[in-house]
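Everything quoted here is computed from the prediction, not taken from an experiment.
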Amino acid sequence: MHNKIHQHRFEVRDSCIPDCLGTGYSQGSQSFIGIFSTQKEDVRQKKGVKYVKTGLFCLILAGAAWTDATEGRIRNRWLLAGAAAGVWFQGKVFFPAATVVLVLSFLLFRLRMMGAGDGKLMALIAGYLGMEAGMEAILTGMVVGACWSLCRLWHKKSLKTRLIYLTAYIMRLFQTGKAEIYCEGALKDPERTIPLAPCMAAGTYLYLMVSGAVSVWTGR
């Protein structure tokens, strides 16, 4: 009789254990799945916003590059659209980088080394991407512009003349200590300049593609 009672208690205890574990495991797994799903949805939303942000930025750069290449100037509507989009996506972070680049580019504009619209576009790139990424994109665009300019001068057989002029300008700058206008009237002569906005757009596209490929490769 005692053995039967002991066996009955053992069976009752054994039958209770799986139910308790099963209920706790089920609730825990559901909670974990819910948290994981929420995190996955947040990551998906952030990626969607990033794609929209990048796509809109590329569209604005394409519009600015097209007007500069066809009309010889960057239309303000593209610059205003870019500034509005930059403030919308970046918030207050847009202004410090854009201001620094705008001031530096204004100095180059005063020396007639670039147009006013080109400086505004550079400021837009820095504000939209951030100082570090923006400067890398701008420098890449400068390299594209330098390669285009060298090829053009080589084709017109005027590379030697331009290099001599540039060397003389730098020597005068160090000797006198005064910054003077570089190549007076060159910005108004399409034969002596290249549209810089397409170079900036190409450099930014190249930077975005390379940085995106690196992010995918490293899994960031």
Next item on the list: Identify the two heavy atoms, one from L59 and one from W78, that lie closest to each other, and give their separation to 0.1 Å.
Entry: O-CZ3, 4.1 Å
Next item on the list: Treat each ILVMFWY residue as a node, draw an edge where side-chain heavy atoms are under 4.5 Å apart, and state whether L102 and I138 are in one component.
Entry: no
Item checked: Contact list for residues 85-110, test side chain to side chain donor-acceptor pair (under 3.5 Å), sequence neighbours left out -> K53-Q90
Next item on the list: Quick one: list whatever passes salt bridge (Lys or Arg N to Asp or Glu O under 4.0 Å) with R75, sequence neighbours left out.
Entry: E71
Margin query: Once side-chain contact (heavy atoms from CB on, under 4.5 Å) is applied, do any residues pair with L107, and if so which ones, sequence neighbours excluded?
Written below: none
Check: So, for V101 and A126, which heavy atoms are closest and what is the spacing to 0.1 Å?
Finding: CG2-CB, 3.4 Å
Next item on the list: Quick one: closest heavy-atom pair of T140 and L206, and the distance?
Entry: CG2-CD2, 3.8 Å
Next item on the list: Hey, could you give me the CD1/OG1 distance between I60 and T204, rounded to the nearest 0.5 Å?
Entry: 12.0 Å
Check: Who pairs with V143 by side-chain contact (heavy atoms from CB on, under 4.5 Å), at least two apart in sequence or on another chain?
Finding: C147
Next item on the list: Show your working on side-chain contact (heavy atoms from CB on, under 4.5 Å) between V52 and F57 and close with a plain yes or no.
Entry: CA-CA 8 Å; V52 172; F57 185 49; over 6 Å; no
Next item on the list: Only pairs at least two apart or in different chains count here, so list each side chain to side chain donor-acceptor pair (under 3.5 Å) that has a residue in residues 114-133.
Entry: none
Notebook entry, point to check: So which pairs with a foot in residues 130-162 pass ring pair (Phe, Tyr, Trp, His ring centres under 6.0 Å), sequence neighbours left out?
Noted result: none
Next item on the list: Give the cluster check for V144 versus M142: same hydrophobic cluster or not, with ILVMFWY residues linked at side-chain heavy-atom distances below 4.5 Å.
Entry: no
Note to self: On a heavy-atom basis, which atom in I125 and which in M200 lie closest, and how many Å separate them?
What the structure shows: CD1-CB, 4.0 Å
Item checked: Heavy-atom pair with the smallest gap, counting every atom of I74 and G117 -> CD1-O, 3.4 Å
Checklist line | Nearest heavy atoms of A97 and G130, plus distance in Å | finding: CB-C, 4.3 Å
Next item on the list: Not counting sequence neighbours, which residues clear side-chain contact (heavy atoms from CB on, under 4.5 Å) with S211? List them please.
Entry: Y207
Check: Going by heavy atoms in the side chains, are M122 and M135 under 4.5 Å from each other?
Finding: no
Note to self: Enumerate the side chain to side chain donor-acceptor pair (under 3.5 Å) contacts for residues 61-70, please, sequence neighbours excluded, ordered by first and then second residue.
What the structure shows: none
Next item on the list: Go through the structure and list residues passing side-chain contact (heavy atoms from CB on, under 4.5 Å) with M171, not counting sequence neighbours.
Entry: T167, Q175
Next item on the list: Would you kindly confirm whether L129 and F89 end up in one hydrophobic cluster when ILVMFWY residues are joined by side chain heavy atoms under 4.5 Å apart?
Entry: yes
Checklist line | Minimum side-chain heavy-atom gap V100-L104 below 4.5 Å | finding: yes
Notebook entry, point to check: Any side-chain heavy atom of L61 within less than 4.5 Å of one from L121?
Noted result: yes
